[in-house]
Amino acid sequence: MPQTAAIISGIQRMVLYETRARLFLVGSNHAETKHRVLKIDRTEPKDLVIIDDKHVYNQHEVRELLGRLDLGNRTKMGQKGSSGLSRAVLAYGIVGFVRFLEGYYIVLITKRRKMADIGGHSIYKIEDTTMIYIPNDSVRVSHPDEARYVRIFQNVDLSSNFYFSYSYDLSHSLQYNLTLLQRPYEPWSAAAPSAEEEVHAQGKQDSFDIFEDEGLPTQVVYGLRNEPYYKYVWNGKLFERVKDIVHPDWLMYIIHGFCGQSKLLIYGRPVHITLIARRSSKFAGTRFLKRGANCEGDVANEVETEQIVHDASIMSFTAGSYSSYVQVRGSVPLYWSQDISTMMPKPPIRLDQADPYANIAALHFDQMLQRFGSPIIILNLVKKREKRKHEKILSEELYPAVINLNQFLPPDHRIDYIAWDMARYTKSKLCNVLDRLSMIAENVVKRTGFFINRSDFYCHTLRPDDRWRDVGGSVTSTGRLQTGVLRTNCVDCLDRTNTAQFMVGKCALAYQLYALGMIDKPKLQFDTDCVRLFEELYEDHGDTLSLQYGGSQLVHRVKTYRKIAPWTQHSKDIMQTLSRYYSNAFSDADRQDAINLFLQVYQPSDGKPHLWELPTDFYLHQKSTMALQHNRRSYTFWWSEGVLSYLPVPYDEVACEETMKTVKVKRMNQFDESVDIYTEFFKPYELTSFDETFCISKTNSARELMPKTLGVDPSPFTVRKPEETGKSVLGKSSKEETVLQRKTAASAPPPPSEEAISSTSEDDSEEDRDDEGPVSQRSTPIKLLTESGESSRTQEQVMKEPYGHNLAECPAEEDLLIYESLPLLHDRPNILFLCSFISAFREPVSRFKDDSIYAVSLPQVDRRSHEMFDSHVMTGQGQVRALCREDMMMYREYVKNRYM
């Protein structure tokens, strides 16, 4: 079967040229070998007229075209000063086309920054955009409210956490993208080519195949172009007018959320850890203005978080090792809200509509079954005991809804419900919150499993782990699939949810590294370089999502629940709480209007109330409430057709007739630029600087976290004290503190256990006070010695670290005798002197009877050794001898003595 590959977008760089009558958008691939031209009419005041030139130009042809356009649009023939074609903007992609009350605007990406690479596919963050009005000023019909709509639209800061890729589908998970490449595509590849493909084939008459002259068959690859998952696409509505007119290379879908990548070095072996968060564009908004769910089952603050771990020493998706784990957060799927008119820090929760048959929850979990499969596990972190009912109202409604839906599902695929009052456990001094979360995480990961694109290592059979045997999911011939997902929620889905997701992600990370053969047991401890790297990623992830929804960064972090946060963190928490309250009270309404306008939930038009005149946006997000439903869903068979037949595997990842409609298949040459990921990633035609490459600038565990002292275990899985990390060493500027760090590293006590660290914070604060004091008992003698010059004691310490010996000491008498005898051996190479020299030492240096090259007898090899050697040679040639009973007994005894 031919290989499959995702089609790389042929438009990664574009230049906008303008005349009085038209805009010409010239797009090219990164190597600038293929060009496409998009013509936009500027004479229509309120309509969007776009002509997509189907021809693919080379560099010479596009220069001739631009020259003819320049010459044809000059005001006077031969007048070079007044050019008819002017270059306006250099861009890297189109965000979309939008219209308010006048004509259309085009939004272009003018600046980008690389944030991650997965299998050679680069992920970029939008750094800057520009918004250009299309119609010419001569035909423009002005409207007094146009400028206000433009300001509201631009309140959505596109330079803040919007991401895109030219070759990787960010709206889908890694599991979906890789399983898509493994489907059989022969039945779908025999379709007749489209008119555009025929035009493209005619334009490639000058090209040739290097294998034709040799009589070799052309290496065929199936190029795949998949429809995105529009729930996580934020500019899907901005392309609605043009997606059926223009070539798919012009359409670049963006996601909103978070993307971060760090490099974990395991004794020099690079492992990339990537965190991608996709925020839903359905029922999107700010904290108090978007709560619960809408009538279509979309919930507020819904974010899909995916952690990807892959061995970066091999880049290819087909040959490399890749693993991912997905979890979801989202508001409680009920009709509920909070009244913000009272100006209270915690407005009362109210249930807006009764839903006795859990219709809204059914719509929501139906979406999850289609995308993730089963089991769906709910981790509800809201409070259970309160003096006045507040959060408890949500639990009392959610649990009966889950019970009602489960009675119609098969027992193997029912929704699991876990309710745990995390806030109450946090206040208790006898309970460790993270230990309890670790137990829940272990249970969840064993139920859902995780994705990996390779089969188990043989070392997993040699050294079996009981926890590894219990891991769930779907085991295939090529690896494992994650079936089901954990859905975590509290009230805001911010602080508690982020800590719970971190603990589940930490547990899944251990299994991922174990599956990739990086660690010997699927267990990671706190205060290791690996977990600190992962914790920093999750804190950035949590801060970003909290700013988007709540208006401030996280208030409670992982260190807060570990009870090791410094006392200064309390003042920061207070400031973040005030910032969140201010944002919710004064700026959330404007942000909500901007989101509604950007997502085209509200589309301005004449004769319609303006966006700022609406008393509420309830009916904008609850569209089905404006009309009677003719086809009411069943209350008992509440899932979509065909979903249950494939469970626990998600329906979206099954190669059936319905799901294949979203995939376009094209037969291509293996060396075509559209599927050549090597050229796309390394760009051999481009001059690059090593210091400016993305691999150098990303966070590195060896550079950022590993101690810079000698004699310390460089493994990222070794538990370290807080002062032993690389960041604390780099932060000290004085030479004395550096010497002190070196001195105390070798004599440091063993690191504390996980329970001892997470129990209290008083001991840590006392140690910090001792270390940060201006004069301490440990640092005083070193400071005195370094002030008066390099003393012998300091020199001993400095010399002994790199060499293992103090070079200032006089060598031993035996060492001197050996050293003085070496020149004599060179001058008199006779056997008698050699034998007399060796006999001077008590310890023998050889096991032969006569230590002479003339008197060495050959060792005797018995028949059994000969057979063992022949068997070893046959095994290397692929001819394995059948194991006898003695071999099996010997192997079992070896395993028992070595590992049990």
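Every value quoted in this text rests on a predicted model; they were computed, and no experiment measured them. Any value given below was found using the heavy atoms of this structure, including those in side chains, with hydrogens, waters and symmetry copies removed. Residue numbers run from 1 in the order of the sequence given.
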Under 3.5 Å: donor-acceptor pair, side chain of [X], backbone of [Y]:
X      : Y      : result
Asp421 : Lys384 : yes
Gln548 : Gly257 : yes
Gln482 : Val326 : yes
Glu391 : Val382 : no
Arg424 : Arg385 : no
Gln327 : Gln501 : yes
Ser697 : Phe694 : yes

Side chains of [X] and [Y]: closer than 4.5 Å at any heavy-atom pair?
X      : Y      : answer
Val485 : Ile376 : yes
Arg279 : Ile255 : no
Arg562 : Asp527 : yes
Leu379 : Leu486 : yes
Leu265 : Pro270 : yes
Gln175 : Leu481 : yes
Glu536 : Glu704 : no
Asp543 : Arg557 : yes

Hey, mind stepping through Ser546 and Asn498 against side-chain contact (heavy atoms from CB on, under 4.5 Å) and telling me if it holds?
CA-CA 9 Å; Ser546 182; Asn498 196 72; over 6 Å; no
Looking only at heavy atoms, which two atoms of [X] and [Y] are closest? And how far apart?
X      : Y      : result
Asp117 : Gln261 : O-NE2, 2.9 Å
Ser122 : Ser165 : O-OG, 2.8 Å
Tyr322 : Ile314 : OH-O, 3.8 Å

Could you walk me through whether Thr448 and Tyr325 pass the side-chain contact (heavy atoms from CB on, under 4.5 Å) test, one step at a time?
CA-CA 9 Å; Thr448 62; Tyr325 184 78; 3.4 Å; yes
Assess the residue pair Arg480 and Asn453 against the criterion (side chain to side chain donor-acceptor pair (under 3.5 Å)); give the C-alpha distance rounded to whole Å, side-chain angles, the decisive distance to 0.1 Å, and a yes or no.
CA-CA 7 Å; Arg480 293 173 175 268; Asn453 70 333; over 6 Å; no
With Tyr891 via ring pair (Phe, Tyr, Trp, His ring centres under 6.0 Å) - residues at least two apart
none
Residues in ring pair (Phe, Tyr, Trp, His ring centres under 6.0 Å) contact with Phe258, at least two apart in sequence or another chain
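Per chain and number, Phe258 pairs via ring pair (Phe, Tyr, Trp, His ring centres under 6.0 Å) with His541.
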Determine, for Phe717 and Lys521, whether the Lys NZ or Arg CZ falls below 6.0 Å from the six-membered ring centre while staying within 45 degrees of the axis.
no
So, taking the atom named [atom1] in [X] and the one named [atom2] in [Y], what distance separates them when rounded to the nearest 0.5 Å?
X      : Y      : atom1 : atom2 : result
Ile118 : His272 : CD1   : NE2   : 11.0 Å
Tyr514 : Lys523 : OH    : NZ    : 14.5 Å
Leu547 : Asn161 : CG    : CG    : 8.0 Å
Leu434 : Met439 : CG    : CE    : 13.0 Å
Asn301 : Arg329 : CG    : CZ    : 6.5 Å
Leu178 : Ile452 : CG    : CD1   : 11.5 Å

Where at least one partner belongs to residues 303-328, residue pairs that pass salt bridge (Lys or Arg N to Asp or Glu O under 4.0 Å), sequence neighbours excluded
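As it turns out, the salt bridge (Lys or Arg N to Asp or Glu O under 4.0 Å) pairs with a partner in residues 303-328, which skip direct neighbours, are Arg269-Asp311, Arg278-Glu304, Arg278-Glu306, Glu304-Arg371.
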Applying the side chain to side chain contact (heavy atoms under 4.5 Å, CB included) test to His556, which of Thr426, Leu494, Asp495 qualifies?
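Option passing the side chain to side chain contact (heavy atoms under 4.5 Å, CB included) with His556: Asp495.
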I'd like to know if Arg287 pairs up with Asp492 as an ion pair, taking the criterion as any Lys NZ or Arg NE/NH1/NH2 lying under 4.0 Å from an Asp or Glu carboxylate oxygen.
yes
Carboxylate-amine/guanidinium proximity below 4.0 Å for Asp466 and Arg469
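Yes, Asp466 and Arg469 are salt-bridged.
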Decide yes or no on side chain to side chain donor-acceptor pair (under 3.5 Å) for Tyr417 and Asn380, but give the supporting numbers first.
CA-CA 8 Å; Tyr417 181 84; Asn380 187 14; 2.9 Å; yes
Aromatic rings Tyr511 and Trp468: how do their planes relate, parallel, tilted or perpendicular, breaks at 30° and 60°?
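Geometry flag for Trp468 against Tyr511: parallel rings.
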Quick one: sort the Phe317 and Tyr168 rings into parallel, tilted or perpendicular, breaks at 30° and 60°.
tilted
With sequence neighbours left out, what residues match [X] under side-chain contact (heavy atoms from CB on, under 4.5 Å)?
X      : result
Ala441 : Val504, Cys507
Phe457 : Arg454, Cys459, His460
Arg892 : none

Can Glu535 and Lys506 be said to form a side-chain contact (heavy atoms from CB on, under 4.5 Å), step by step?
CA-CA 9 Å; Glu535 184 179 339; Lys506 170 178 168 288; over 6 Å; no
Start with the C-alpha gap between Phe372 and Val328, add the side-chain angles, then the distance that decides, and say whether side-chain contact (heavy atoms from CB on, under 4.5 Å) holds.
CA-CA 10 Å; Phe372 305 109; Val328 179; 3.6 Å; yes
